[in-house]
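Okay, so here's the structure we're looking at.
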2 protein chains.
Amino acid sequence: MSQVDLRIIKTKEALHTALLTLLKNKPLESISISEICRCAKINRGTFYLHYSQVGDLFEEYFREMMEDLANSYQEPYRHVVKIKTSELDPSTIRIFHHIEKYKEFYRIVFSKNVPLTYYYLLFEETKRLFTEDAKEHFHVVEGIDPNFYASYQANAILGMIIQWYNDGFQQKASVLNEQLVKILNLK
Amino acid sequence: MSQVDLRIIKTKEALHTALLTLLKNKPLESISISEICRCAKINRGTFYLHYSQVGDLFEEYFREMMEDLANSYQEPYRHVVKIKTSELDPSTIRIFHHIEKYKEFYRIVFSKNVPLTYYYLLFEETKRLFTEDAKEHFHVVEGIDPNFYASYQANAILGMIIQWYNDGFQQKASVLNEQLVKILNLK
DNA sequence: AATTTTATTGAACATCTGTACAATAAATAT
DNA sequence: ATATTTATTGTACAGATGTTCAATAAAATT
């Protein structure tokens, strides 16, 4: 006895495949629900039984991607929080490599006509990973709200990634790592 | 002889007013072009003569807002770039006050179903203001790409604002200023 | 294997979208 | 004031959206 009805699994798989197929030829914003359903050979009403927007389908993928990011982080950020020292090892920061690995995907996530949802998922995950690591290696500073601090740090990294995206992801991830280390050591 | 045809001015005014009226009762994403046109008593075809999405109308407002942000910045960021010193004066950082002033507006800009466009406009403006000020007070550091650095700094601030937004803009702008100063002096 | 539960289907409906075009009205220019 | 330019209107059309409902088919349960 399976948790989820087999029909649901099949339907979702068909919709997933259809979305990926269509994404090869046109941007997310211009893909309609009708189009996905025609491609997946699924009744349009069935789509609404599971999702309410095209973006909901995309979000399912994105959440899996966030797991990959979390895995990339096993050791990672640990050293970044030692911001006062110069002992930073660029190779421990994995987020840039994660983005590089899925850059075709992130071209969608960062495109301007797409809703903020995905950006926020990335932000929250980065923040969570930072916080998790910071609480081990970073003693709370008098008067600084940990939430503001984590949001500051996490979004600063995302700022570099936005810049990277605007440059068409030209540079290698290692360059971003080096830049980050230099910026952090500046202070 | 005016630059722009009077009919265009009237049409745009009517559409602007209609959008603002509708925004009092429902979120941006659920306002249709048809609805705006009915409210503005403008033919729907006329809408497409000037805009192509509801968001284009909203963007017109937002660009005016960015001018207010630029004005808030006259002196501002200047001191923030002296990140190594402790001489930071919180009252010189105006962006948080700008957000506070238009917080009802920014509740829309930061809501998750809205496209990234507005976030990017805010990001670019913050980055521009930072860069403008930085080139006067900050000598370029060997090996640091000014673009990555500006993107890092600008988006870090926006990270704090996202956190603020998630807290429902509860704190006063001055609290954000103080937090930022403490974070900058940390390093 | 028979029964029960539930996901999917197809059809229909009002509304919205994006586009086109001729008719009209309101600006600007002479 | 008249002529010219151009923005707006009304109408129409094919396709998309979001929802509802009874009929059907495919699972899970006994």
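Proteins come first, then strands; the chains are lettered A, B, ... in the order of their sequence lines, and each starts at number 1.
Note on Glu100(A) versus Lys103(A): no salt bridge recorded, every NZ/NE/NH1/NH2 to OD/OE distance being 4.0 Å or above. Between Arg128(B) and Glu132(B) there is a salt bridge, since a side-chain N of the basic residue sits under 4.0 Å from a carboxylate O of the acidic one.
Residues passing the side-chain hydrogen bond (donor to acceptor under 3.5 Å, both in side chains) test with Lys26(B) are Glu35(B), sequence neighbours excluded. Tyr120(A) is linked by a ring pair (Phe, Tyr, Trp, His ring centres under 6.0 Å) to nothing, counting only residues two or more places apart in sequence or in another chain. When the ring pair (Phe, Tyr, Trp, His ring centres under 6.0 Å) test is applied to His16(B), the partners found at least two apart in sequence or on another chain are Tyr61(B). Phe105(B) is linked by a ring pair (Phe, Tyr, Trp, His ring centres under 6.0 Å) to Phe58(B), Phe62(B), counting only residues two or more places apart in sequence or in another chain.
Taking 4.0 angstrom as the limit, Lys10(A) places none of its side-chain polar atoms (N or O) nearer than this to OP1 or OP2 of dA26(D). In this structure, Thr11(A) reaches the dT8(C) phosphate: one of its side-chain N or O atoms is under 4.0 Å from OP1 or OP2.
Atom pair Arg7(A):CZ and dA26(D):P shows a separation of 9 Å (rounding to whole Å applied). Nucleotide dT28(C) holds its P atom 12 Å from the CD atom of Gln3(B), rounded to whole Å. Protein atom CG of Asp56(B) is 10 Å distant from nucleotide atom P of dG18(C), rounded to whole Å. Rounded to whole Å, the distance from CG on Asp5(B) to P on dA27(C) is 8 Å.
Contact check of residues 27-55 of chain A against DNA chain D (heavy atom, cut-off under 4.0 Å) returns Ser32(A), Ile33(A), Ser34(A), Arg38(A), Arg44(A), Tyr48(A), Ser52(A).
Counting only N and O atoms by type, the side chains of Tyr152(A) and Asp145(A) include no donor and acceptor under 3.5 Å apart.
In this structure, the side chain of Gln179(B) engages the main chain of Gly143(A) through a donor-acceptor pair within 3.5 Å.
Axis deviation across the helix from dA1(C)-dT30(D) to dT28(C)-dA3(D) amounts to 30°, comparing end segments of five pairs, rounded to 10 degrees.
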